[in-house]
Amino acid sequence: WNEKSEQAVRVNKAKKRVREIIKEKTGMIIDRPDSVGAGGTTTTGNIARKCFFEAKNCQVLIECVPLKVRSDGECDRKVFEEFITNLSIILRAVSSKQTVNTHQLDQLCKETAIKLVQHWPTFRFTPTMHEILAHSAALIHANESRGLGTLSEEPLEHNNKNLRAYRERLARKTTQQANLTDVLTRLWIKSDPIVRSYRRVVKCSFCNGPHNVRSCPKKCEVTSGCLSFEDHLVDCIFTTSRNSVPKVDGCFVWQCPRLSSRCDHHGRH
């Protein structure tokens, strides 16, 4: 998506305003050069999760959109709020490892894309957004209707800091071949089953079980009574039977106007 010259000034001004509001109300610094020295910007995956999946931060992002009513009679902020909700559901389904109802996911993706184009006719999808909305359901269907979490590149990218440390401190620097040979040797040692058996055992801080607190089943049971609005919709996507998808007022739960508003309970139902 390329910005036109006459729109560049307005876009840069809006970006600066959004950055200042988010920094003032949440303390997060976005779209700035990374000061760590690893390259890139401060808009990392962790920042995106905090911004989109935490209720308070998400509401701050939504309030950055002006209350402008378009020709179709809908407010910009309301449409953007619905887009954030749908995108949160889609990304959770895509990055999961569970069985996904691809029919409902495909329907949700199409409705989201059509809504954006109808409300903002000049909107152009980025390649990444096009892949998510147009092809994610087909990819999950080809993966035996399971989410693409097992195909994630996060573990590979997480190993980049180890590669940098190995090349700088634990490898010969006489030649390129010797350096890479030592790095690969270190990686083989790290993945050895005997070496891995001495790794720190992950223990849950909630129930002391052999798992992470984020995947603790007992904690999920305790907090299941106060799930967010998006959590209920994600459960509908994970439903394997089309007939078992909850409906309200004759429509699917994410289409119901009575439940789509976030005005109650801090924007969550």
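Source: prediction; values computed, not measured. Values below: all heavy atoms of this structure, side chains included; hydrogens, waters and symmetry mates excluded.
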Does any non-hydrogen side-chain atom of [Y] lie less than 4.5 Å from one of [X]?
| X | Y | value |
| --- | --- | --- |
| Leu91 | Ile132 | yes |
| Met28 | Cys51 | yes |
| Leu148 | Leu139 | yes |
| Lys115 | Glu74 | yes |
| Leu108 | Gln104 | no |

Quiz item: Does CD in Glu157 sit with more than 12 non-hydrogen atoms of other residues, nucleotides or ligands closer than 6.0 Å?
Solution: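 Check passes, neighbour count above 12.
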Self-check item: Check against side-chain contact (heavy atoms from CB on, under 4.5 Å), Asn179 and Arg167
Solution: CA-CA 7 Å; Asn179 186 269; Arg167 295 200 68 181; 2.8 Å; yes
In the hydrophobic cluster built from side-chain contacts under 4.5 Å, what are the other members alongside [X]?
| X | answer |
| --- | --- |
| Val195 | Ile189 |
| Ile29 | none |
| Leu187 | Leu163, Tyr166, Leu170, Val183, Leu184 |

Measuring from [X]:[atom1] to [Y]:[atom2], what's the distance to the nearest 0.5 Å?
| X | Y | atom1 | atom2 | value |
| --- | --- | --- | --- | --- |
| Glu82 | His119 | CD | NE2 | 10.0 Å |
| Gln107 | Thr112 | CD | OG1 | 10.0 Å |
| Ile21 | Arg17 | CD1 | CZ | 4.0 Å |
| Arg92 | Ile90 | CZ | CD1 | 12.0 Å |
| Asn57 | Lys50 | CG | NZ | 8.5 Å |
| Gln59 | Ile84 | CD | CD1 | 11.0 Å |

Practice problem: State which residue, out of Ile47, Thr41, Thr44, Leu61, fulfils the side-chain contact (heavy atoms from CB on, under 4.5 Å) condition with Ile30. | Solution: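 It is Ile47; the other options fail the test.
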Just by modelled atom types, is the [Y] backbone N or O under 3.5 Å from a matching donor or acceptor in the [X] side chain?
| X | Y | result |
| --- | --- | --- |
| Arg146 | Val100 | no |
| Ser136 | Leu133 | no |
| Thr85 | Glu81 | yes |
| Asn143 | Ser145 | no |
| Asp106 | Ala137 | no |
| Thr42 | Arg32 | yes |

Practice problem: Locate the shortest heavy-atom distance separating Ala93 from Ser96; write the atom from each residue and the value. | Solution: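 Residues Ala93 and Ser96, closest heavy atoms: O-OG, 2.8 Å.
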Practice problem: Identify the heavy atoms of Asp76 and Pro66 that sit nearest to each other, and give their distance. | Solution: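 So the minimum-distance heavy-atom pair works out to CB-O, 3.6 Å.
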Self-check item: Hphob cluster co-occupancy, Leu116 + Ile114, side-chain heavy atoms under 4.5 angstrom
Solution: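 They do not share one cluster, since no chain of ILVMFWY contacts under 4.5 Å joins Leu116 to Ile114.
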Quiz prompt | Contact list for residues 132-155, test ring-ring contact (aromatic ring centres under 6.0 Å, His included), sequence neighbours left out | solution =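 Listed by first then second residue: His130-His135.
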Quiz item: How are the rings of Phe80 and Phe83 set relative to one another: parallel (under 30°), tilted (30 to 60°) or perpendicular (over 60°)?
Solution: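 Taking Phe83 first and then Phe80, their aromatic rings sit tilted (interplane angle of 30° to 60°).
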Quiz item: Residues in side chain to side chain contact (heavy atoms under 4.5 Å, CB included) with Val18, at least two apart?
Solution: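 So Val18 forms a side chain to side chain contact (heavy atoms under 4.5 Å, CB included) with Ile22, Cys64.
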Looking at [Y] and [X], is there a salt bridge between them, counting it only when a charged N and a carboxylate O are closer than 4.0 Å?
| X | Y | answer |
| --- | --- | --- |
| Glu168 | Lys173 | no |
| Glu20 | Lys25 | no |
| Lys15 | Asp31 | no |

Practice problem: Return each pair, listed once, that meets side-chain hydrogen bond (donor to acceptor under 3.5 Å, both in side chains) where at least one residue sits in residues 181-194; pairs must be two or more places apart or across chains. | Solution: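 Qualifying pairs: Asn159-Lys190, Arg172-Asp182.
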